[in-house]
Amino acid sequence: MDLGLKGKVAIVGGASMGIGLGIANQLAHEGADLVIFARRLPKLEQAAAEIVRKYDVRVLPVAADIRDKDDSVRIVQAAIDAFGRLDILVNNDGAPPLGAIDSFDDVAWQKAIEQNLFSVIRMVRSALPHLTAAGGGSILNISAISAIQPIAGFALSVATWAGVIGYAKTLSIEIARHGINVNTICPGYIDTDRLQKVFASGTESPEAVRAKLITEIPLGRIGSTADIANLVALLVSPAGSYITGCTIPVDGGLLRALR
Ligand SMILES: NC(=O)c1ccc[n+]([C@@H]2O[C@H](COP(=O)([O-])OP(=O)(O)OC[C@H]3O[C@@H](n4cnc5c(N)ncnc54)[C@H](OP(=O)(O)O)[C@@H]3O)[C@@H](O)[C@H]2O)c1
């Protein structure tokens, strides 16, 4: 199925590795040109070169920290300067640290808000005029299943991503008339460096934690970055343009809820 992404321009955050890199690869496979960003440039440049080699699309790597408000403007401007248009914004990056709720002071909470919530607000603010000028487009946020089914120790993420879900739903209603859809994907356990760190953060061995978690997933496996990227490609494409305002778990059936 041709998703109609050839020649579209997408910004993909946190794309030097993990879920962001998987999304960048999938959009490039579908023919989109990309601006990818992360803080560490060497790894990002390596990712960009690899994507160009595999898919023969244009890829611009931009070193940026999503917690820096000027960087959100700079990333979008880089896309316009390089490609003259913007069709797709994928909000994805790292996440705040884990820990007990009462272990976090105001500074930690402020950083978490900057990383998860303000990053999305600022990127949307910068991108929106260009998505509108392009005659429509797509905004896609990556959050986590813990934002729907909270997990002890994940408070910084859960609280701030719940804000993203509320923001995204409201945004979807307000900008639908411009032909822009807005959706949020909530991954379950996805095989990335970050997940390895989560596995290693407790007292049990990472192997034991992994094995235990797999028993909780109805489909019986940890997800791959492609499991997320395949859905992203559909949602940001013309083929998925009637889907908006949704918060969608991609978790192998982990979430125990009717809606
Ligand atoms: N893996 C999972 O099981 C899972 C499950 C649910 C939700 N998620 C969420 O999905 C997102 C991606 O996770 P992942 O597993 O792919 O993580 P990852 O493998 O650690 O990759 C994170 C990416 O984001 C970049 N990044 C981190 N902080 C950044 C910042 N402040 N500004 C710009 N770029 C930044 C990293 O590059 P630099 O370090 O060079 O900046 C890297 O490219 C996270 O928000 C995570 O919480 C993951």
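Remember, it's 1-based here, ligands and their atoms both numbered in the order they're listed.
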- Task: Would you sort out whether Arg53 and Glu50 count as a salt bridge (charged side-chain N to carboxylate O under 4.0 Å, His left out), showing the intermediate values?
- Result: CA-CA 5 Å; Arg53 188 185 63 72; Glu50 185 71 3; 2.8 Å; yes
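Summary of contacts: the protein heavy atom closest to atom 29 (C) of ligand 1 is Arg39 NE, 3.5 Å. For atom 36 (C) of ligand 1, the closest non-hydrogen atom of the protein is Ser16 OG, 4.1 Å. Among all non-hydrogen protein atoms, the one lying nearest atom 32 (N) of ligand 1 is Ile66 N, 2.9 Å. Atom 17 (O) of ligand 1 has its closest protein heavy atom at Arg194 CB, 3.5 Å. Of the protein's non-hydrogen atoms, the one nearest atom 31 (N) of ligand 1 is Asp65 OD1, 2.9 Å. The nearest heavy-atom contact from the protein to atom 16 (O) of ligand 1 is Ile19 N, 2.7 Å. Taking atom 25 (C) of ligand 1 as the reference point, the nearest protein heavy-atom neighbour is Gly14 CA, 3.6 Å. Closest protein heavy atom to atom 27 (C) of ligand 1: Gly94 N, 3.2 Å.
Between Asn141 and Ile165, the closest side-chain pair of non-hydrogen atoms is not below 4.5 Å. Within the 4.5 Å cutoff, the side chain of Phe37 has heavy atoms near those of the Ile66 side chain. In this structure, the side chains of Val236 and Lys8 stay at 4.5 Å or more apart for every pair of heavy atoms. Between Ile80 and Leu86, the closest side-chain pair of non-hydrogen atoms falls below 4.5 Å. Within the 4.5 Å cutoff, side-chain heavy atoms of Arg125 are placed close to those of Ile121. Side-chain atoms of Ile88 and Leu5, non-hydrogen and from C-beta on, do get closer than 4.5 Å to each other.
For Lys43, no heavy-atom contact with ligand 1 is shorter than 4.0 Å. The proximity of Thr192 to ligand 1, defined as any non-hydrogen pair under 4.0 Å, is limited to the side chain. At a heavy-atom cutoff of 4.0 Å, ligand 1 is contacted by the backbone of Ala64 but not by its side chain. Contacts between Ile142 and ligand 1, counted as non-hydrogen atom pairs separated by less than 4.0 Å, involve the side chain only. When heavy-atom distances to ligand 1 are checked against a 4.0 Å cut-off, Ile145 has no atom that comes that close, whether in backbone or side chain.
Of the polar atoms of Ile190, at least one N or O is found under 3.5 Å from an N or O of ligand 1, judged by distance alone. Considering backbone and side-chain atoms together, Ala95 places no N or O closer than 3.5 Å to any N or O of ligand 1.
For ligand 1, the atoms sitting less than 4.0 Å from at least one non-hydrogen atom of Tyr189 are 3 (O), numbered in the order shown with element in parentheses. The contact set between ligand 1 and Gly18, taken as ligand atoms under 4.0 Å from a residue heavy atom, comprises 16 (O), 19 (O). Taking a cut-off of under 4.0 Å to the non-hydrogen atoms of Asn92, the atoms of ligand 1 that pass are 10 (O), 11 (C), 12 (C). Remark: ligand 1 atoms within the under-4.0 Å shell around heavy atoms of Leu195 are 3 (O).
Between the side chain of Asn183 and the backbone N or O of Ile243, at least one donor-acceptor pair lies under 3.5 Å. Between the side chain of Asn116 and the backbone N or O of Pro96 there is no donor-acceptor pair closer than 3.5 Å. A donor-acceptor contact shorter than 3.5 Å is absent between the side chain of Arg122 and the backbone of Asp68.
The shell of residues lying under 4.0 angstrom from ligand 1, judged by heavy atoms, includes Met17. Remark: distances from the non-hydrogen atoms of Ser143 to ligand 1 include one below 4.0 Å. In this structure, Gly188 counts as a contact residue of ligand 1, since one of its heavy atoms falls inside 4.0 Å of the ligand. A heavy-atom separation below 4.0 Å is found between Trp161 and ligand 1.
With Ile36, Leu41, Asp93, Asp191 as candidates, the residue nearest to atom 11 (C) of ligand 1 on a non-hydrogen basis is Asp93.
Criterion: ILVMFWY side-chain heavy atoms under 4.5 Å apart, direct or through other members. Under it, Ile142 and Leu231 are part of a common hydrophobic cluster.
Using a 3.5 Å distance cut-off with no hydrogens or angles, the side chains of Ser224 and Asp191 do not pair a donor with an acceptor.
Considering CD1 of Ile145 and CG of Asp251, their distance stands at 4.0 Å, rounded to 0.5 Å.
The side-chain contact (heavy atoms from CB on, under 4.5 Å) test with Leu140 singles out one residue from Asn92, Ile248, Ile185, Thr184, and that residue is Ile185.
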